Amino acid sequence: MAVNCKILELRYLNPKTLSVSLESESDFDFLAGQYVLLELGKSGKLPFSIASSPKSNREFELHLGGVSKESSLANGVMYLQQCFQNGETVVVERAKGNAWLRPTDGKIVLVAGGSGYTYTRSLLHEAIKQNQESEITLYWGAYSENDLYEHDYLVELEAAYSGFTYIPITESISNNIVAHHGRLLDIVYEDFDFNTPADLYICGRYEMVQAAYSHLNNVYEGQLNIYSDALPAA
């Protein structure tokens, strides 16, 4: 089932990431960690994780990553801009996905590769909203510091909530604002103590998610609950 949505705002978070704020014309329910299919004109329907936590006012936010004139999203972005300028609605299919935030009294580990941060952003906001004392660790890996488009915001959030730990990671070394340089999964394995029970949510390239699932399931079988919409079929 699909709904018509008004575009409230289009805003670039960095040169390649577009924030799309939407308001549904009818009731729109979703769980933190779910995604939607967004109709982008001739580009067709494409999946995007919801970047915001659930609200009661029908508003939600998407982040479109990898946007450039040469990218496959270029025509879709032009379509959104035209709809916004003309006051036209866009079509969004109801929320999908099974990797939504589960209730827990234990640790929550969020692992985001690149634009996979969008998915973990929704989970982070909802977990804090449900329990400000939640013990949450976010690992966000990207190629460069410029790709960590909400770095300053996450640093402020870490300072505001004692239970939240933010670990930014980049492959390239530049201005030294990040805590780690290297491969995302290598640092996650080295840094976090997975010997204590935890709920792990992971989003990024399909191959990365598969590698993490295989490794963690083999080493810590039965001690972790791992959630991702890119997990192997049960």
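As the structure is a prediction and not an experimental result, all values here were calculated from the model.
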side-chain contact (heavy atoms from CB on, under 4.5 Å) for V36 and F28? Distances and angles first, verdict last. CA-CA 11 Å; V36 296; F28 185 80; 3.7 Å; yes
Side chain D229, main chain N98, donor-acceptor under 3.5 Å: yes
Same cluster for L13 and I50 if Ile/Leu/Val/Met/Phe/Trp/Tyr side chains link at under 4.5 Å? no
Tell me the side-chain hydrogen bond (donor to acceptor under 3.5 Å, both in side chains) pairs involving residues 36-55, sequence neighbours left out? K45-E93
When clusters are formed by joining ILVMFWY residues with side-chain heavy atoms under 4.5 Å apart, either directly or through shared neighbours, do Y213 and W100 land in the same one? no
Can you measure from CD (E23) to NZ (K6) and round to the nearest 0.5 angstrom? 6.5 Å
Less than 4.0 Å between a side-chain N and a carboxylate O, is that true for E171 and R183? no
Full working for side-chain contact (heavy atoms from CB on, under 4.5 Å) between L200 and L216: CA-CA 10 Å; L200 184 144; L216 293 171; 3.7 Å; yes
Side chains of V188 and I167, heavy atoms from C-beta outward: is any pair under 4.5 Å? no
Determine whether the aromatic ring centres of residues F48 and Y35 are separated by less than 6.0 angstrom. no
On a heavy-atom basis, the closest approach of K69 and A74 is O-CB, 3.6 Å
Honestly curious: do L22 and L73 fall in one hydrophobic cluster under the side-chain, below-4.5 Å linking rule? yes
To the nearest 0.5 angstrom, please state how far the CG atom of D105 sits from the CD atom of E135. 12.0 Å
Say you draw a straight line from NE2 of H125 to CD1 of I136; how long is it, rounded to the nearest 0.5 Å? 10.0 Å
Verify, without hydrogens or angle tests, whether T170 (side chain) and A142 (backbone) share a donor-acceptor contact under 3.5 angstrom. no
Heavy-atom closest contact (L8 atom, F84 atom, distance): O-CE1, 3.7 Å
Non-hydrogen side-chain atoms of L80 and V20 separated by less than 4.5 Å: yes
So, S134 side chain and N131 main chain: donor-acceptor pair closer than 3.5 Å or not? yes
Are H151 and Y166 close enough that their ring centers fall under 6.0 Å? yes
Would you confirm whether R94, through its side chain, and V3, through its main-chain N or O, come within 3.5 Å as a donor-acceptor pair? no
Please answer: with hydrophobic residues joined when any side-chain heavy atoms are less than 4.5 Å apart, are L184 and L224 in the same cluster? yes
Report yes if the side chains of L37 and V91 come closer than 4.5 Å at any heavy-atom pair, otherwise no. no
Are F30 and Y227 joined in one hydrophobic group, where the rule is that I, L, V, M, F, W and Y side chains link up if heavy atoms are under 4.5 Å apart? no
Compare every heavy atom of L185 with every heavy atom of A211, then report the nearest pair and how far apart it is. CB-CD1, 4.3 Å
L10 and Q81: CA distance, side-chain angles, deciding distance, side-chain contact (heavy atoms from CB on, under 4.5 Å) verdict: CA-CA 8 Å; L10 296 176; Q81 291 171 336; 4.0 Å; yes
From V90, L46, V77, N75, residue fulfilling side-chain contact (heavy atoms from CB on, under 4.5 Å) relative to L40: L46
Stepwise, does the side-chain contact (heavy atoms from CB on, under 4.5 Å) test hold for L62 with T118? CA-CA 8 Å; L62 307 177; T118 305; over 6 Å; no
Taking the side chain as C-beta and beyond, is there a heavy-atom pair between L231 and I226 under 4.5 Å? yes
Is there a side-chain contact between Y201 and V111, using heavy atoms and a 4.5 Å cut-off? no
Please tell me if the side chains of L124 and L157 come closer than 4.5 Å, counting only heavy atoms from C-beta onward. yes
Check whether any side-chain N or O of Q34 sits under 3.5 Å from a backbone N or O of L31 as a donor-acceptor pair, and report yes or no. yes
Between H63 and Y117: side-chain donor-acceptor atoms closer than 3.5 Å: no
In short, S24 meets C5 closest at the heavy-atom pair CA-SG, 3.8 Å
For E158 and T165, work out which heavy atoms get closest and say how close. OE2-CA, 3.6 Å
Nearest-0.5 Å distance, CG of residue L38 to OH of residue Y79: 8.5 Å
Side chain proximity check, F60 to V92, heavy atoms < 4.5 angstrom: yes
Rounded to the nearest 0.5 Å, how far apart are CD of E150 and CG of L138? 10.5 Å
Heavy-atom nearest pair, D147 first then W140, reads O-CZ2, 3.6 Å
Return yes when atom CD of E133 has more than 12 non-hydrogen atoms of other residues, nucleotides or ligands closer than 6.0 Å, and no otherwise. no
Determine whether a donor-acceptor pair (N or O, by modelled atom type, separation under 3.5 Å) exists between the side chain of N86 and the backbone of Q82. yes
Can you list every pair that meets side-chain hydrogen bond (donor to acceptor under 3.5 Å, both in side chains) and has a residue in residues 10-20, with sequence neighbours left out? N14-T17, S19-E61
Do any pairs count as a side-chain hydrogen bond (donor to acceptor under 3.5 Å, both in side chains) and have a residue in residues 189-198, sequence neighbours left out, and if so which ones? K107-T196, Y139-D191, D193-N195
Between Q130 and E126, a side-chain donor and acceptor under 3.5 Å: yes
Hey, could you give me the CG/CG distance between L123 and D199, rounded to the nearest 0.5 Å? 10.5 Å
